[in-house]
Amino acid sequence: MTPINYYLGLGALLFAIGTVGVLIRRNLIVVFMSIELMLNAVNLTFIALGRAMGSADGQVIVFFVMIVAGVEAAVGLGIILAAFRNRLTVNADEFNLLRW
Amino acid sequence: MPLGIFAFFATLAVISALGVILQRSPVHSLLALIVTLLCVAALMIGLDALAVGLLQAIVYVGAIVVLFLFVIWLLNLERDPEESGRLGIKLLAAVGAAALVGELTAFLTRTHMSQQTVNSDYGSMAQLAGLIFGNYLIAFEVTSLLLLVAVVGVVAVARRWPSPRLANRPPTLSAKPQT
Amino acid sequence: MLIDLIISAIKAIFVVLLVLNLSAVLLWFERKGSALIQDRIGANRAGLFGIGRRLGLPNLGIINTFIADPLKIFTKEDFVPDRADKFLYTLAPFLALFPVLISFAPIPFGDRLIVGSHQIELVVCPLTAGILYILAALGLGVYGAALGGWASNNRWALLGSVRASAQLISYELTMGLSIIAVVMVYGTLDLQEICRAQSGTWFGWLPKWGIVYQPLGFLLLLVAGIAESRRIPFDLPEGESELVAGYFTEYSGGKQAAFMLADFAEIVLVSALISTLFFGGWQVPYLQSDGFHLPGGTWLPLSNPVVALLGFVAFGIKVVFFCWLQILIRWTLPRFRYDQLMTLGWKGLLPLGLVNLMVTAVAIVAVGGSV
């Protein structure tokens with residue numbers, strides 16, 4: 001049997017990779033993918049902790065996270081589409097109108 | 001899940017996750033993301049969460065990632081936007097990520113978790129459904145409202161409203177430019 | 001332990017070979033069947049040294065389809081277009097074929113077979129969430145068509161890909177809804193359990209098959225299934241008269257063969273799903289685990305291997321029948337327009353599926369619990 005800690009460590013690693021992706025990439029779509037990666041790392045952690053505690057509530061939370069991720073992807077990609085129409089780019093650095 | 005199988009999926013997940021953030025072409029990133037999601041699904045199944053693991057494959061891989069693919073097609077993103085000189089933020093990101101991993105690892109290695117034994121219907125659809133339609137019923141119903149709001153919101157945001165500014169834009173859906 | 005492993009391996013290889021061979025037979029069936037429907041002769045050229053002709057046998061095109069055409073297709077140049085994404089271009093045919101092949105794993109092809117002290121379930125992988133697994137595998141199948149067309153660097157191919165992925169995710173909803181209704185009726189996601197629940201009769205003569213509970217669900221799954229396998233009348237992703245060949249326009253040789261095989265394997269998959277969910281799978285009318293119980297009280301005892309074999313044959317006959325039905329539909333109907341396709345999917349089938357689901361739910365509550 002694999003100890004639960006290994007799963008948690010993997011979740012932490014995947015989350016960190018997602019964070020780095022958000023920070024270093026300028027392509028909005030790839031930034032979005034990195035966010036999905038982070039959500040997935042959290043999902044894995046939920047499942048692992050739920051398994052460790054022997055309760056299925058973690059799985060229910062993951063179920064809700066999936067729904068919210070779907071909603072978030074749809075709305076976010078819609079916003080990216082609308083932004084692309086105005087600027088003809090998906091480079092996050094170009095969207096600087098609200099910058100001080 | 002035996003340690004060997006875990007190591008296989010974990011390694012594959014980490015490599016493909018790195019692929020997501022390091023590939024130049026968004027479609028390749030997308031493919032790497034699919035591999036990561038499937039690995040995570042497999043790991044979930046290894047943690048006795050059969051229904052949720054399969055749902056992960058259905059919802060993420062079958063629906064959400066297809067949405068990404070559509071948007072990449074619609075925007076015709078062949079190559080990444082040019083990276084500007086941003087070494088500082090990359091360095092910062094690397095340090096921050098290392099710190100995050102270090103902190104979480106230190107935290108995790110010090111906790112001792114004993115794994116409970118679970119009975120055979122753990123992670124089955126029946127158990128999941130019992131919880132969703134029991135304890136979490138209100139949250140579940142609110143979720144449907146969330147989805148409805150999202151549908152309306154996406155249509156409102158992404159719809160091409162008739163506007164003179166957008167009249168002579170080049171069409172966005174086309175194959176690779178013939179150079 | 002080892003013997004279980006060997007049994008599993010044999011079952012897996014058996015099913016994969018069965019599906020691949022049935023796909024090839026379907027190809028022949030389609031050529032000769034379409035010729036029959038259109039009053040042509042169909043494939044009748046190739047022969048082996050004129051043996052058949054000398055013996056005066058009619059040429060049924062068997063050599064054409066099973067020997068000459070595969071030889072031809074596999075010896076073609078393996079073409080990669082200029083500026084194509086080579087990696088994805090090579091990967092895509094396999095992304096199309098493998099998800100279809102693995103989705104046969106939880107579909108039972110027979111009842112329990114008892115060999116010595118071993119009870120062998122005639123299903124490759126008895127999963128408690130088998131239906132979810134099939135839906136997940138089908139969801140993966142989108143990427144073969146989607147990435148293949150994108151990677152070919154061809155406008156027709158890209159258009160075919162966009163059409164294919166939009167069509168697949170639209171009709172997957174209807175497919176899922178019709179399957180959920182069946183799951184609600186039987187209260188399980190395990191396909192073997194669903195098959196078992198369809199044994200017995202009503203009034204002593206009507207087999208207790210799912211079609212009686214879910215006639216509308218059957219029609220929805222049939223239509224959605226044909227749309228999933230991207231065949232006429234839903235063949236817009238590859239419509240020859242509009243897009244050359246759609247997403248596999250640029251493919252040649254073995255890769256194109258993989259795409260075609262995936263299409264035919266999908267027909268088999270849809271047929272297998274329909275027969276499992278609505279027509280009892282391996283159930284033979286009046287046959288129970290100890291022999292035939294005919295209406296009128298006659299009992300015809302049979303041993304376990306015979307019953308298992310009969311079940312397997314019955315499943316095969318049902319699958320072949322629905323494959324035939326799909327080919328018949330393909331050569332009978334004209335192609336939809338794309339907006340008609342979307343209208344049918346979202347405004348026709350989806351609401352019908354929801355209504356079916358609600359009526360089923362109300363009925364289940366009214367009679368107090370699933371079957």
Side-chain angles (χ1 to χ4, degrees), chain B residues 19 23-35 37-38 41-42 44-45 48-74 76-79 120-129 171-179, chain C residues 81-85 87-88 91-92 95 99 102-103 106 127-143 145-147 149-170 172-173 175-176 180 183-184 187-190 249-250 370:
Chain B
Q23 299 264 16
R24 301 288 302 165
S25 150
V27 176
H28 285 191
S29 287
L30 195 89
L31 203 65
L33 182 68
I34 294 169
V35 177
L37 295 175
L38 287 178
M44 286 176 173
I45 293 170
D48 299 323
L50 181 63
V52 173
L54 289 172
L55 277 178
Q56 155 117 351
I58 295 173
V59 175
Y60 267 109
V61 181
I64 296 180
V65 180
V66 180
L67 215 61
F68 279 92
L69 197 60
F70 276 152
V71 173
I72 294 174
W73 277 338
L74 279 172
N76 194 17
L77 296 176
E78 207 33 55
R79 301 224 47 92
S120 61
D121 82 324
Y122 179 82
S124 68
M125 205 65 193
Q127 192 198 22
L128 198 62
T172 47
L173 178 71
S174 65
K176 295 184 181 183
Q178 308 286 325
T179 45
Chain C
D82 189 27
R83 273 190 283 280
D85 189 322
F87 174 66
L88 287 181
L91 187 67
L95 270 181
I102 61 168
S103 51
L127 269 176
T128 48
I131 288 175
L132 286 183
Y133 174 84
I134 291 177
L135 287 177
L138 278 177
L140 261 180
V142 179
Y143 292 102
L147 293 177
W150 182 83
S152 327
N153 188 19
N154 176 321
R155 277 145 214 255
W156 302 130
L158 182 68
L159 274 176
S161 290
V162 176
R163 285 184 180 186
S165 26
Q167 175 177 333
L168 289 187
I169 56 174
S170 307
E172 236 160 56
L173 290 175
M175 201 166 189
I180 288 171
V183 170
M184 277 161 54
T188 173
L189 288 162
D190 188 344
T249 301
E250 296 283 2
S370 47

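Chain naming here is simple, since letters A, B, ... match the order of the sequence lines and numbering starts at 1 in each.
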Would you be so kind as to tabulate the donor-acceptor pairs closer than 3.5 Å made by side chains of residues 49-68 of chain B, with sequence neighbours excluded?
residue, atom, partner, partner atom, Å
Gln56(B), NE2, Asn40(A), OD1, 2.5
Gln56(B), NE2, Leu37(B), O, 3.3

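- Residues Val162(C) and Phe70(B) come closest through the heavy atom pair O-CE2, 4.2 Å.
- For the side-chain contact (heavy atoms from CB on, under 4.5 Å) test, residues two or more places apart in sequence or in another chain that qualify with Leu31(B) are Ile34(B), Phe87(C), Leu88(C), Leu91(C), Leu95(C), Leu147(C).
- Both the backbone and the side chain of Ser161(C) have a heavy atom closer than 4.5 Å to some heavy atom of chain B.
- If you tally non-hydrogen atom pairs under 4.5 Å between each of Ile169(C), Leu168(C), Leu138(C) and chain B, the highest count goes to Ile169(C).
- Looking at Leu140(C) and Leu38(B), their side chains come closer than 4.5 Å, going by heavy atoms from C-beta outward.
- When side chains are defined from C-beta on, His28(B) counts as touching Asp85(C), because their heavy atoms get closer than 4.5 Å.
- The contact between Leu189(C) and chain B is made entirely by side chain atoms (from C-beta outward), counting heavy-atom distances below 4.5 Å.
- Interface check for chain B: of the options Ser165(C), Ala166(C), Ser152(C), Gly139(C), the most heavy-atom pairs under 4.5 Å are formed by Ser165(C).
- Here CE of Met125(B) is found 10.5 Å from CD1 of Ile131(C). Values are rounded to the nearest 0.5 Å.
- Proximity to chain B is absent for every atom of Ala137(C), based on heavy atoms less than 4.5 angstrom apart.
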